[in-house]
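Beneath this line is the structure, given in structure tokens, with notes to follow.
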4 protein chains.
Amino acid sequence: MNKRSAEETKQQILVAARKTFAGQGYAQANMRRIALEAGISVGGVYLHFKNKEELYQTLQREWMDQLNRNTINALRDSSEPAEAIASFITTSIEFVRCNREMINLTGRETNFSFNSELKRGFFRERRRLIADLIDQGIAAGTFRPCDSAEAARIIFNILRGFVLSMVIDEDALFSPEGCVDLVLNGLVRREKQ
Amino acid sequence: MNKRSAEETKQQILVAARKTFAGQGYAQANMRRIALEAGISVGGVYLHFKNKEELYQTLQREWMDQLNRNTINALRDSSEPAEAIASFITTSIEFVRCNREMINLTGRETNFSFNSELKRGFFRERRRLIADLIDQGIAAGTFRPCDSAEAARIIFNILRGFVLSMVIDEDALFSPEGCVDLVLNGLVRREKQ
Amino acid sequence: MNKRSAEETKQQILVAARKTFAGQGYAQANMRRIALEAGISVGGVYLHFKNKEELYQTLQREWMDQLNRNTINALRDSSEPAEAIASFITTSIEFVRCNREMINLTGRETNFSFNSELKRGFFRERRRLIADLIDQGIAAGTFRPCDSAEAARIIFNILRGFVLSMVIDEDALFSPEGCVDLVLNGLVRREKQ
Amino acid sequence: MNKRSAEETKQQILVAARKTFAGQGYAQANMRRIALEAGISVGGVYLHFKNKEELYQTLQREWMDQLNRNTINALRDSSEPAEAIASFITTSIEFVRCNREMINLTGRETNFSFNSELKRGFFRERRRLIADLIDQGIAAGTFRPCDSAEAARIIFNILRGFVLSMVIDEDALFSPEGCVDLVLNGLVRREKQ
DNA sequence: GATGAATGAGATTTCATTCAT
DNA sequence: AATGAATGAAATCTCATTCAT
């Protein structure tokens, strides 16, 4: 029985849970493994988290908060809409890359009732943010008039696809630069450049 | 005991499995339920499929073949690169929409070892197909010169995102037209139109 | 894997459950022990009963039905109210004696929500039956006028006490004859006999 | 950390234990809850009571002592046997009513090995007391000659039934007056009154 | 071919008790 | 005296798979 502070242990469990959920998905991951990985007894985990679900949710909330903070910081520095869009895409991809584990477990386990609402709201916010940036671009005359909500959904889905690629096949991943270029300029050649 | 041909029974199992896996995911779905849904005994399922994994893989292969056929048919009719890209995107989205169930289970359960290699190869092929279309467009002078492989990956990831949106939050879905428009023309305003 | 008919196995489980619940009470009794006693695997028990609670409830319903049948049979033969009361008491005590196990588990585990309503209704019926018999006796002039419902409750509680005595201390048990005598005649000496 | 005298703390634990055991039964009640309710740490409970069982036993002993005191006080005032019997019954029922909690947990949890012997002896004493009162009544000519031990057991079982009714279904409870009336006079009409 | 009862391993969760602080 | 984190055993329940019929 190795005595640690509650908070310290809790963090160790979260680290272990992140790793385990990521590696095997929610359903497959088991508490025994998480406990083992955290260097604690199985019962010990339940001292800090009511159950498997709560443990999972804690992780979810964690990465959402982190991504939120990162995005806000990134956008603070960009004045131009095109630059802002680029910033948003780059930050998102960067985040996914740096938090491979957290994300790994988010691409799956989709239709948990306890999970959905939280995530849906979070994602809705992010789409709204993109749409706002596009609207600003249109207003400024930089972007061509278009359905900003629709465009926002598409951009959002590119990034969502990136997450899945992270999990399924890394050779499907793309660079932020390439993405920004396509999103801003499209495939079709411009008459005069 | 309803006498059926082996093939007939097998199909019924597949239908039941599709429904069950889709509704609950691989881990949660159980063989007893699939058997029940198929109107067959538990043991009966094992006469037609070695185990749960094989049953799952069979479903996977099925939808890949179907999507392959659909794509080939769609591209046969389009002569222009831009039209071909549009066709690819539209067909893909159409397929996902019509095969909600099959897809539902593909968005999750990603990193099963038994599952990955098969899917990875399939997806690689599809990316190559898009890249070829882009290359043709560049050669024809319709598309501006760019890294076709990168662009292909991005387009592929948009569609991949669509699949996840299907499962997570339907309000994140976009239309084929909007997607084609953004992919071809980008956000930025063109000088002369 | 010893194949038996489902019904046969179910009965064996019920026998085992009766013994186990009786010996240790609902909370203390465990499914492993019941399975062991029934000569079946733990999982096997769940093939026949959804869960511990359902298994318990089945037992409850069983003894209530049995006691109901016994009581009806006994009362059919008695024409006089005094004789009917005697019959009711005797049958009840006889039943408890012969079904020591079933009863054992009924004295305890009282405030299960799933348990209470069923039993409460059953017991209410039995009290009503006694009250009816007393009313008949009063109407016939054999019994002195009194609050029949109250008397019925008291008689019912004597029998209920018998059940507890069965479980707690057998030396507190009494004979049907003694009980009938006290209930009919009371303690106080009669002036003229 | 609230400094209290050992005795004070012990009392607080007993109060908490009474509440918790009563509310959930022995098996379901857990030490953490008891500690919480007592405003003490889990480990703290173990400084005052060797284990769960000892804590439970202490409570048992407590209510037995209390009931003993009450009974002695009640009987001190009654000179007539009939009055004494009435007093015994009334006091017992009164006690059960006022100590609902204690009783609640006694009605359940019957055959704990650690519990039985203590309770059995206590109950034996009480039956003997009733038998003595009846013998006095017979000797005095107030009561008709009968098997006093048997009658005592029956009266004792009525009261025991009352306890169970308290726990199972309150509509089965009876009044001390009705009980005394039935016990003294029985159901059968007296020729001359 | 087909059945479905049975298995057995493993999942989540609970909790009395201990012990380093 | 007191704390409360940790343990470890055991409980309920699930399920892919097997196999006697």
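Every value quoted in this text rests on a predicted model; they were computed, and no experiment measured them. Numbered from 1 within each chain, the chains take letters A, B, ... in sequence-line order.
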DNA chain E base-pair string [pairs: Watson-Crick or G-U under 3.5 Å; |: paired with another strand]: .||||||||||||||||||||

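Ranked by how close their nearest DNA chain E nucleotide is to the 5' end, B/Leu47 and A/Leu47 are led by B/Leu47.
Applying the 4.0 Å criterion to OP1 and OP2 of E/dG1, one finds that B/His48 has every side-chain N and O outside that range. Taking only side-chain nitrogens and oxygens, C/Ser5 never comes nearer than 4.0 Å to OP1 or OP2 of E/dA5. Between B/Thr9 and E/dG1 there is no side-chain polar atom (N or O) within less than 4.0 angstrom of OP1 or OP2.
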Nucleotide-resolved protein contact map, nucleotides 8-14 of chain E, B/S/- at heavy-atom distance under 4.0 Å: B--SSBB

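Proximity of a side-chain donor or acceptor of B/Lys52 to a complementary backbone N or O of B/Tyr26 within less than 3.5 Å is detected. In this structure a side-chain-to-backbone donor-acceptor pair under 3.5 Å is present from D/Arg100 to D/Met166. In this structure a side-chain-to-backbone donor-acceptor pair under 3.5 Å is missing from C/Arg18 to C/Leu59.
The distance between atom CZ of B/Phe49 and atom P of F/dA16, rounded to the nearest whole Å, is 15 Å.
Taking 4.5 Å as the limit, some side-chain heavy atom of A/Phe123 sits within range of a side-chain heavy atom of B/Ile168. Contact of the B/Ile40 side chain with the B/Ile34 side chain is not registered, since no non-hydrogen atoms from C-beta on lie closer than 4.5 Å. Annotation: side chain of C/Asn99 is not in contact with side chain of C/Trp63 (no heavy-atom distance under 4.5 Å).
Side-chain atoms of B/Glu7 and B/Gln11 form a donor-acceptor pair, as typed in the model, at a separation below 3.5 Å.
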